Protein chains: 2
Amino acid sequence: MNKTISDIAQMAGVAKSTVSRYLNGGSVSVKTKQKLERITREAGYVPNTFAQSLKAKRTNLIGTIVPRLDSFAAAQTMTGIDEEIRAAGGQMLIYNAGQDRERELEAMQELARQKVAGIILMPARVTPEHLRIAEAAGIPVLLVGQGSDKLHSVIYDDHRAGLLMGRYVLEQGHRRIAYLGVTEEDEAVGRQRKAGFAQAVQECAGCEVFYYESSFKIADARLIAERILEECSPTLIVCATDNIALGVVKAAHIHGLSIPHELSITGFGGYEVTEIIHPTLTTVRFPYFEAGKLAARLVQRLAAGEEVEWQTILDVELLRQESVDNLNIRSL
Amino acid sequence: MNKTISDIAQMAGVAKSTVSRYLNGGSVSVKTKQKLERITREAGYVPNTFAQSLKAKRTNLIGTIVPRLDSFAAAQTMTGIDEEIRAAGGQMLIYNAGQDRERELEAMQELARQKVAGIILMPARVTPEHLRIAEAAGIPVLLVGQGSDKLHSVIYDDHRAGLLMGRYVLEQGHRRIAYLGVTEEDEAVGRQRKAGFAQAVQECAGCEVFYYESSFKIADARLIAERILEECSPTLIVCATDNIALGVVKAAHIHGLSIPHELSITGFGGYEVTEIIHPTLTTVRFPYFEAGKLAARLVQRLAAGEEVEWQTILDVELLRQESVDNLNIRSL
DNA sequence: AATGCAATCGGAACCGGTTCCAAATCGATC
DNA sequence: GATCGATTTGGAACCGGTTCCGATTGCATT
């Protein structure tokens, strides 16, 4: 049913090499060019991608491995990647790892099998296994969100994000603070953000901080928040992600605590929802979309054999909104 | 650098047809089986997908065309599709149409070119162009969210959703209501939901309803909400999507209106955020995830040449939450 | 009209698999 | 040890393109 290049060649009475040359802009006489134009159009000819890739030994696909599809950060990053790749005439193949390291590794191998031009990976943690597979794959692998000294990466300044947030809330007069973080297995979110925050705390005398840990899920965060409220009744809870902050907001509502007067809350991420809820959530904006665009550009340059910067650190921005009370004013 | 089947054959001292047979579970003696097992492992052989697909003339890819990547509904649906396809050993290729009909059509053609096994399409509207391309593509196309008498589809009971919501809010005593909908070009969201709601209104005497229209964007909804509040000061605003409802919630906060006592608000969708915000949003839950799973199953069966039900209507569920005031109690 | 050069074209090989068919091998039986 | 049938194997064709190379054609020049 679908026409092949040989069919076209036969219909036009030329060799298939001529048809191929016509299709790829090789030297073809005006006469045959016109004839082939007509025939390919009438026959509705579309070249077979596999045959092309088989010969070319490559594709214009960029594989993207995301931890999950239904997260704001992942969605924004994917949108950025997609926009950039499409502009360059390529395509994005999305692989959902479902927050499972095994599947992340499988995905890399599978994408390598499919000879994608490059892989963009958003891992929770970079393990030696990742490096091994990336090396064996023989195609460029670029990390987003987590750095590595062995792979190219686009990362956020998580340390500075923590520092900015820490300094800001201390400025606002908070001295009894709970930090609700995530596992330290996550270098960027788990360690760096916390480290930045801890540095800010160190710069300030007489501040008591209680560290807690949650998963990335809203429901989990909410449960831990209840424990925090019982155990140490802080004036503020700094949450490692906006989603965690949403869980804490929920817990505060349930406890009947008004935000920010009875409990201040902050997040990290800059999710759209932070501006929608009331009060709006003070957070640090991470440029997910821009990271996606940049990652796509870089991985395409890598695929083309160019040298690119080893690591790009994207800047973050503190968004001062309504969920943090200014204790200085109140105590006047 | 990458080994081919011929390399393996040479190393093992057999014909490449034997290697192929070994790989695909054909009849091979125990001895050569063991030898090939060892050699393929040591050589790290991985078959070339293109060569396989070229011969097989098909892939195990399912193409998914979404209107946008950063929407709750799309993310949930994609997650469902992905889960189901992965379980069947297939893969999902995501195409982001960016809410642009032209790109939707392009995507269909491009996916057809790549000989995907089937296409899952989430269109805002089904046009004759869609049907034409779907027909020409020669591969199964399944719609999610919008129906058509020419294509297989998985849809939601939008009419019933509107009806349920309408009846519920009328039960709660609301008689001065604004309905903030979307363009009627969108058959499901724009027409059916509104029609269901309108039917409920018809069943009830003495109810005044004001119809407005917004885009799907939170920011737009917020602007229109301000106009609604000025123009007709309803006791309740029924919004065609949860995102629109979020925009209205925002506007209400800005106007200092307390929800639900001074203004009740409802949405449609059942986005996660509706349970997080305070007050929680009364809405109708749409089974996006289940729709994705079902769509994936169906499109795979279609790809296998099986007959499947032409249209599946998934049921919706009213979620009574806190954003609707019960006027009956108040007026006692 | 013969010559030379560039533009155009056809044929064949190749990419890396799968599959068909015929040939070779094997073990069991007589 | 010859015969038979079942297994196993090798060879070749094929999928649908691209590309190399040599042959043909066209055109301008002498």
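Here is how names work: the chains are called A, B, and so on, in the same order as the sequence lines, proteins then strands, and each is numbered from 1. Since this is a predicted model, take the numbers as computed values, not measurements.
- Donor-acceptor pairing under 3.5 Å, judged by distance alone, is absent between the side chain of B/Ser6 and the base of C/dG16.
- Two residues, B/Ala56 and A/Thr32, neighbour DNA chain C, and the one matched to the more 5' nucleotide by heavy-atom proximity is A/Thr32.
- Across all strands, B/Thr4 comes closer than 4.0 Å only to sugar-phosphate atoms, never to a base (heavy-atom distances).
- Residue side chain A/Lys55 reaches the base of C/dC14 through a donor-acceptor N/O pair under 3.5 Å, judged by distance alone.
- Among the protein residues, A/Ser29 comes within range of the sugar-phosphate backbone only, with heavy atoms under 4.0 Å from sugar or phosphate atoms but none that close to a base.
- When the nearest nucleotides of DNA chain D are assigned to B/Thr18 and B/Lys57 by heavy-atom distance, the more 5′-ward of the two goes with B/Thr18.
- Between A/Glu37 and A/Lys33 there is no salt bridge, since none of the side-chain N atoms of the basic residue sits less than 4.0 Å from a carboxylate O of the acidic one.
- Among the protein residues, B/Ser53 comes within range of no part of the nucleic acid, since none of its heavy atoms lies under 4.0 Å from any strand.
- Between the P atom of D/dT7 and the NZ atom of B/Lys33 lies a distance of 13 Å, rounded to the nearest Å.
- A salt bridge is absent between A/Arg132 and A/Glu135: the closest approach of a Lys/Arg side-chain nitrogen to an acidic carboxylate oxygen does not fall below 4.0 angstrom.
- Remark: side-chain polar atoms of B/Ser53 are not paired, donor with acceptor, to backbone N or O of A/Phe50 under 3.5 angstrom.
- Side-chain atoms of B/Leu54 lie closest to D/dC15 of the nucleotides C/dT18, D/dC15, D/dT18.
- Considering only side-chain atoms of A/Ser20, the nucleotide from C/dT18, C/dC15, D/dT19 that sits closest is D/dT19.
- Electrostatic pairing of A/Lys293 and A/Glu83 counts as a salt bridge here, judged by a charged N lying under 4.0 Å from a carboxylate O.
- Among the protein residues, A/Tyr45 comes within range of the sugar-phosphate backbone only, with heavy atoms under 4.0 Å from sugar or phosphate atoms but none that close to a base.
- Nucleic acid contact for B/Lys16: base, since at least one base atom lies under 4.0 Å from a heavy atom of the residue.
- Between the P atom of C/dG10 and the CD1 atom of A/Ile5 lies a distance of 13 Å, rounded to the nearest Å.
- Nearest to the side chain of A/Val14, among C/dG10, D/dG17, C/dG16, sits C/dG10.
- Side-chain proximity of B/Ser17 to C/dG10, D/dG11, C/dC9: nearest is D/dG11.
- One finds no salt bridge joining A/Arg101 and A/Glu104 here, because no Lys/Arg side-chain nitrogen approaches an Asp/Glu carboxylate oxygen to under 4.0 Å.
- When heavy atoms are screened at a 4.0 angstrom cut-off, B/Val19 is found touching no nucleic acid atom at all.
- Between D/dG17, D/dT8, D/dG10, one nucleotide has an atom nearer to the side chain of B/Ser27 than all others, and that is D/dT8.
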